[in-house]
Amino acid sequence: MLDIKELRENIDQVQSSLLERGYSLDVRKFKELDAERKVLQVNVENLQSSRKKLSEDFGKLKATGEKVDDLKDKIDHLNKELKKESIELDKILESLNALLLDMPNVPHFSSPVGASESDNVVIKKYGTVDASKKVDHLSITKQIDTEMATKIAGPRFALLKGNMAKLQRSLITLMLETAIKNGYEEYYVPYMANRDSLIGVGQLPKFEEDLFKTTEGLYLIPTAEVPLTNIFRNTVVDEDDLPIKVTAHTPCFRSEAGSYGRDTKGLIRQHQFEKIELMQVTHPSHSLDDLDGLLNNAKEILDLLELPYQVVELCTGDLGFSSCKTFDIEVWMPGQSKYREISSCSNFSDFQARRSNIKFKDKNNNKSFAHTINGSGLALGRTLIALIENNYDENTKQIAIPKALQKYFDKNLINID
RNA sequence: GGAGAGUUGGCUGAGUGGUCGAAAGCGCCUCCCUGCUAAGGAGGUAACUGGGUAACUGGUUCGAGGGUUCGAAUCCCUCACUCUCCGCCA
């Protein structure tokens, strides 16, 4: 949510910033609504004030036993007027709020301007790509079974067995242990969340169709960002405690509505996948630096796994709804001969904090909205693909396990039968 | 699932229709007193928000929402959460 005061004062500037990310703000509508709001609100508050005074008089008259009929008529009349005006005001406030909830975050001035994915900027490449490797993970091992999963649940699900299930589990441990080492506190969280929680992070009301909803009205979480961020909803933290770093491993559920035909084979795009999420509540003056730190925490995993990757900065047109600045980490996937997103690290500035009411207080007890940042560290399914495809030796039919992972997997090779 | 109790300011906790944004205590802040400290004394101390350049001035908020009433922390209804007992269960 954007600051309504900022909108009142600098609406043209906000409009042009939002245009950079492809959102056209209806300035006239906003100005009209806010002007109406002002008139109605002042009016309603004046009426409330009069009623308060008259009701007090009423009490006094009654106490002295005088006649109150005339005064009652007067108050009744006033109440009628008040009710009418209040309803009008509520309507305007609701429209104003709906407009505010619909507006995406303003891109940070440092985000590269661009219209789409193709304008994203590659910041740096790491590791060496072995272009001779081209084998797809599904053809390497039968222990990733999407057909069996289709029987059980449907398309866009997967079943891992034996070594693959264990490999994923060891990756989870490696990632969580690394996060903990880097100062994140581990959480176990609900995998379902209520509406308020999803509005808080910016997922609702706009992107309902991307979510799975239960018959009880709860939503399956599309990312651990939802529960982790909502830990802090409606709270005030101490400035001295910032940044607060939290992490969780959860499954993520996404309907993938609108992605029919895309990435239909293998683990790349699933209704359910595992992810380790890194999340921080940070000071507004440090959130950019902290985002760099968080990005490094995610990169560290790829370094530990010795996988080739690149860091890409998203252009304004490709930014997520709540984000003002995002770096994607893309890992090399031999099966596709492409870099694919494996982590997305974003700064939400105070956008989520406003929606979720997350504040910090300074020494003088002054409260301000905090900043929130988060990123994957990492998405498990895609890590599994990258690991298998990059480390598979066609001649020996073996997958090499990187050194850092051996501690958790307790083998240095997987033999494919 | 059944029965009962509760939800008030940073905390504890009073408050059953108007003088209640709310007693008292604790905590915190300022000042006084005492050589320092402790003790003691006086005063202050909720949040959110509108209008206004400002001084200032209005509104809302006692778990949430609705209702009764001229007027609701207080009465009624619905919901959420917490606690106790019973049942069930990993």
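Basis for what follows: all heavy atoms, side chains included, without hydrogens, waters or symmetry-related copies. Letters A, B, ... mirror the listed sequences (proteins, then strands); counts begin at 1.
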**OP:** Would you give the length of the straight line joining atom CD1 of A:Ile358 to atom CZ of A:Phe369, rounded to the nearest 0.5 angstrom?
**Re:**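 Between A:Ile358 CD1 and A:Phe369 CZ, I get 9.5 Å after rounding to 0.5 Å.
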Subject >> Members of residues 66-82 of chain A that approach RNA chain B, where some heavy atom sits under 4.0 Å away >> reply: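 Under 4.0 Å from RNA chain B: A:Lys72, A:Ile75, A:Asp76, A:Asn79.
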**OP:** Give A:Arg195 one of three labels, base, sugar-phosphate or nothing, depending on what nucleic acid heavy atoms sit under 4.0 Å from its own.
**Re:**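 Contact class for A:Arg195: none.
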Original post:
Base, sugar-phosphate, or nothing: which does A:Lys60 touch, judged by heavy atoms less than 4.0 Å apart?
Top reply: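 Nothing, no heavy atom under 4.0 Å.
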Original post:
Quick check, are the ring centers of A:His271 and A:Phe212 under 6.0 angstrom apart?
Top reply: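 When the ring centroids of A:His271 and A:Phe212 are compared, they turn out to be within the sub-6.0 Å range.
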Original post:
Less than 6.0 Å separating the ring centroids of A:Phe348 and A:His371?
Top reply: no
**OP:** Using the heavy-atom set of chain A and a strict 4.0 Å cut-off, write down the first and last nucleotide of RNA chain B that makes it in, 5' to 3'.
**Re:** B:rG18 to B:rG71
**OP:** Specify whether A:Phe207 and A:Phe321 have parallel, tilted or perpendicular ring planes, treating 30° as the upper limit for parallel and 60° as the lower limit for perpendicular.
**Re:** perpendicular
Original post:
How do A:Lys367 and A:Leu54 order along RNA chain B: which one's closest nucleotide is nearer the 5' end?
Top reply: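 The residue closer to the strand's 5' end, by nearest nucleotide, is A:Lys367.
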Subject >> 5' precedence on RNA chain B between A:Gly59 and A:Lys52 (nearest-nucleotide basis) >> reply: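 Upstream on the strand: A:Gly59.
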**OP:** Check whether any side-chain heavy atom of A:Arg382 sits under 4.5 Å from a side-chain heavy atom of A:Met333, and report yes or no.
**Re:** yes
Original post:
Heavy atoms, side chains only, cut-off 4.5 Å: are A:Met279 and A:Thr229 in contact?
Top reply: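 Side-chain contact under 4.5 Å: yes.
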Original post:
Can you tell me if NE2 on A:His283 sees more than 12 non-hydrogen neighbours from other groups inside 6.0 Å?
Top reply: yes
Subject >> A:Asp328 and its side-chain contact (heavy atoms from CB on, under 4.5 Å) partner, picked from A:Asp318, A:Leu314, A:Ile342 >> reply: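 One option only clears the test, and that one is A:Leu314.
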Euclidean distance for [atom1], [N] against [M] (whole angstrom):
N      : M      : atom1 : result
B:rC83 : B:rG10 : C1'   : 23 Å
B:rU74 : B:rG15 : C1'   : 8 Å
B:rG40 : B:rG25 : P     : 13 Å
B:rG21 : B:rU61 : C1'   : 9 Å
B:rU84 : B:rC62 : C1'   : 25 Å
B:rA46 : B:rA90 : C1'   : 44 Å
B:rG13 : B:rA23 : C1'   : 10 Å
B:rG17 : B:rC76 : C1'   : 14 Å

Subject >> Strand RNA chain B in bracket notation, Watson-Crick/G-U under 3.5 Å with | for pairs to another chain >> reply: ((((((((.[[[..)..(.....]]]((((((.......))))))((((((....)))))).[[[[[..)....]]]]])))))))....
**OP:** Indicate whether the side chain of A:Ser349 and that of A:Asn105 have a donor and an acceptor atom separated by less than 3.5 Å.
**Re:**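 Yes, a side-chain donor-acceptor pair sits under 3.5 Å.
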Original post:
Does A:Lys299 make a cation-pi contact with A:Tyr309 (under 6.0 Å, within 45 degrees of the axis)?
Top reply: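 Relative to the ring axis of A:Tyr309, which defines the angle, A:Lys299 lies outside at least one limit.
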Original post:
Between A:Asp210 and A:Arg254, does at least one N-O distance fall below 4.0 Å, as a salt bridge requires?
Top reply: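 The answer is no: the pair does not qualify as a salt bridge.
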Original post:
Between A:Ser111 and A:Pro107, is there a donor-acceptor pair closer than 3.5 Å when you use the side chain of the first and the backbone of the second?
Top reply: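 Side chain of A:Ser111 to backbone of A:Pro107, a donor-acceptor pair under 3.5 Å: no, none is there.
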